[in-house]
Amino acid sequence: MVSEPPAAPARARVLVASNRGPVSYTLNDDHTLDARRGGGGLVSGLSAIGSDADSLWVCSALGAGDREAVRRGVGEPGVLMLDIDEAVHSDAYNGIANSVLWFVHHMLYQTPLEPVFDEDFRHQWRSYESYNRSFAQALADHAEDGAAVLVQDYHLALVPGMLRELRPDLRIGHFSHTPWAPVDYFRLLPDDIAEQLLRGLLGADRTCFLTRRWAEAFTACCTELLGHDALKGTRIGVHGLGADADFLRERAHRPDVEERITALREQIGSGRRTIVRVDRTELSKNIVRGLLAYRQLLRSRPEWREQVVHVAFAYPSRQDLAVYREYTAEVQRVADEINEEYGTDGWTPVVLHVRDDFARSLAAYRLADVALVNPIRDGMNLVAKEIPLVSDHGCALVLSREAGAYEELGEDSVTVNPYDVSGTADALHEALTMPDAERSHRCRRLAAAATALPPQRWFLDQLEALTS
Ligand code: F6P
């Protein structure tokens with residue numbers, strides 16, 4: 001339960017801005033509020049600068065609990081939650097960020113019918129501008145002279161440019177956690193919108209990406225659409241966020257994870273191999289083709305029947321959008337179909353869980369013989385880094401060449417084209433039959449590459465580069 005008033009500093013030396021903040025609130029039936037702190041690279045990265053460092057995290061209220069917390073003046077030290085008008089936020093977040101910008105950078109459109117940039121789109125775009133302006137204003141109001149501001153993601157692409165106008169004294173960085181679209185795909189956007197997005201990011205002193213590939217795609221868009229001089233005032237950075245080894249290894253051996261291992265072992269059955277995937281049910285994660293590849297494996301190599309289980313965790317994401325709800329239903333449908341076609345009394349070919357449970361995810365990581373990470377396109381994909389780090393006996397990694405993590409992990413993975421279902425089935429077979437010695441050798445190398453840039457170093461590197 002929460003009752004403390006917020007203690008945000010009036011002016012901060014280091015500021016972070018993101019749509020989703022490090023804390024969220026739930027409103028209980030008895031009108032009390034529960035606070036829940038989130039995890040992730042940014043949370044542990046920011047902890048690197050210590051609690052006395054005058055930092056401020058500016059984020060948006062997302063649900064009814066968050067809005068109520070803001071209205072009651074409830075909050076956490078170092079966090080400023082903005083109560084942006086609900087309709088404006090919905091247009092900006094669901095309408096533009098998730099339905100347009102996410103689709104462009106992940107190349108998700110079915111182009112014969114979409115996108116359609118009409119009057120509704122223009123209306124939502126105005127909300128996106130206003131939502132970005134609210135962030136820029138809050139950052140301008142709370143930043144000390146010459147402070148460093150680290151703006152996150154496609155939700156806030158206009159903030160660097162807006163903030164630069166309000167506060168030319170600040171050091172402004174922007175980080176894209178997504179891929180960046182190739183020029184021809186980026187050009188699906190109306191010309192003025194494409195230009196506004198690029199100029200928004202170019203308002204930063206440094207604009208950063210997870211891999212060289214996404215950084216190059218961004219610079220190509222800038223030079224093609226704006227000309228060679230456009231990049232003059234902005235440095236481009238690449239910081240490949242790694243997995244948090246200390247945290248994960250310790251957390252993965254706590255009693256709640258051991259309990260989940262026992263339960264999962266029962267569902268899997270003794271002596272069977274496991275193909276593990278853990279994702280948000282996100283369109284870009286390619287869960288359905290992963291299931292189809294597994295079905296193909298059981299079809300074309302019957303020797304695997306009864307011998308392997310696909311442990312697939314697909315946790316809810318963006319359920320306000322119909323296309324996400326439909327995709328979630330399709331994942332469930334295909335998994336059921338495989339279980340009906342091949343399941344026997346003692347063997348469930350696909351063990352699918354859709355309720356988020358971090359301890360159970362870690363349990364699956366530890367049990368993995370094969371990790372399947374086959375996104376259509378992904379900024380990085382930390383799961384590809386985490387499973388090899390945590391797996392008890394060393395796992396083989398089947399990895400999409402379109403994941404950002406491929407740049408660092410490709411050499412020791414079994415590579416797949418995410419659209420090639422037959423190729424993915426072959427890759428699963430190859431991974432399942434990889435000799436033990438080779439599998440553990442590769443897994444050790446994967447774990448080393450996965451931890452090359454831990455979250456705290458990742459954050460400090462950005463900060464140092466921005467302020468030097
Ligand atoms: O994983 C890429 C990413 O852009 C993260 O940086 C960000 O937290 C997330 O996607 C946004 O997802 P959501 O819509 O669930 O907040």
Side-chain angles (χ1 to χ4, degrees), residues 16-25 36-46 57-63 65-66 79 81-82 84 89-108 128 131 135 150-157 159 173-181 197 201 207-211 213-214 218 239-244 278-287 314-325 327-328 354 356 358 373 375-386 400 402-405 455 458-459 462:
V16 167
S18 66
N19 174 63
R20 192 178 290 280
V23 62
S24 63
Y25 298 90
R36 189 165 167 264
R37 280 202 76 88
L42 206 53
V43 171
S44 83
L46 186 63
W57 190 323
V58 180
C59 58
S60 178
L62 299 180
D66 288 359
V79 178
M81 205 175 248
L82 306 178
I84 294 167
H89 185 267
S90 175
D91 280 354
Y93 174 67
N94 289 317
I96 299 296
N98 289 342
S99 301
V100 177
L101 303 181
W102 184 272
F103 272 58
V104 168
H105 291 313
H106 292 85
M107 301 167 59
L108 294 174
Y128 181 77
Y131 157 87
F135 270 83
L150 296 157
V151 181
Q152 311 298 314
D153 257 326
Y154 54 100
H155 313 93
L156 302 177
V159 167
H174 185 277
F175 201 99
S176 291
H177 296 258
T178 57
W180 192 271
L197 285 165
L201 290 189
T207 179
C208 302
F209 298 87
L210 285 162
T211 69
R213 184 178 173 193
W214 314 140
F218 173 74
H239 302 271
L241 176 63
D244 194 341
V278 176
D279 292 292
R280 294 186 286 143
T281 310
E282 158 54 50
L283 309 179
S284 60
K285 301 294 182 189
N286 211 19
I287 304 169
Y315 298 144
S317 175
R318 302 182 188 166
Q319 292 294 297
D320 286 346
L321 299 180
V323 62
Y324 278 73
R325 295 196 296 274
Y327 188 73
T328 305
V354 297
D356 196 345
F358 186 52
V373 181
I376 288 170
R377 211 169 148 83
D378 210 331
M380 174 56 77
N381 198 301
L382 277 181
V383 173
K385 293 187 167 182
E386 291 171 352
S400 164
E402 304 305 320
W458 169 81
F459 187 83
Q462 289 175 62

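Atoms within a ligand are numbered from 1 in the order they appear, just like the ligands themselves. Atom set for the values below is all heavy atoms of this structure, side chains included, hydrogens, waters and symmetry mates excluded.
Counting heavy atoms closer than 4.0 Å to ligand 1, residue Trp102 contributes side-chain atoms (C-beta onward) but none from N, CA, C or O.
Ring centroid separation for the pair His105 and Trp180 comes in under the 6.0 Å cut-off. In this structure, the ring of Tyr93 has its center no less than 6.0 angstrom from the ring center of Trp102.
Checked against a 3.5 angstrom limit, the closest N/O atoms of Thr178 and ligand 1 fall outside it. Polar contact check, Ser317 against ligand 1: no nitrogen or oxygen pair lies under 3.5 Å apart. For ligand 1, one of its N or O atoms has an N or O atom of Arg318 under 3.5 Å away. Taking only nitrogen or oxygen atoms, main chain and side chain alike, Arg20 reaches within less than 3.5 Å of ligand 1.
Counting the atoms of ligand 1 from 1 in the order shown, those under 4.0 Å from a heavy atom of Tyr154 are 4 (O), 11 (C).
The closest non-hydrogen atom to atom 3 (C) of ligand 1, taken over Asp153, Asn94, Leu42, Asp320, comes from Asp153.
Shortest contact from atom 13 (P) of ligand 1 to any protein heavy atom: Tyr93 OH, 3.4 Å. In this structure, atom 1 (O) of ligand 1 lies nearest to the protein heavy atom Arg280 NH2, 3.7 Å.
Two residues are said to be in side-chain contact when any heavy atoms from C-beta on lie closer than 4.5 Å; Cys208 and His174 fail this criterion. Looking at heavy atoms from C-beta onward, Val58 lies in side-chain contact with Leu82 at the 4.5 angstrom threshold.
In this structure, Gln152 does not count as a contact residue of ligand 1, since none of its heavy atoms falls inside 4.0 Å of the ligand.
Atom-to-atom distance recorded for Asp378:CG and Ser284:OG is 5.5 Å, nearest 0.5 angstrom.
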Test side-chain contact (heavy atoms from CB on, under 4.5 Å) on Gln152 and Leu150 and set out the steps. CA-CA 7 Å; Gln152 311 298 314; Leu150 296 157; 3.8 Å; yes
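Of the listed residues (Asn19, Val100, Ile96, Asn98), just one forms a side-chain contact (heavy atoms from CB on, under 4.5 Å) with Tyr154, and that residue is Asn98.
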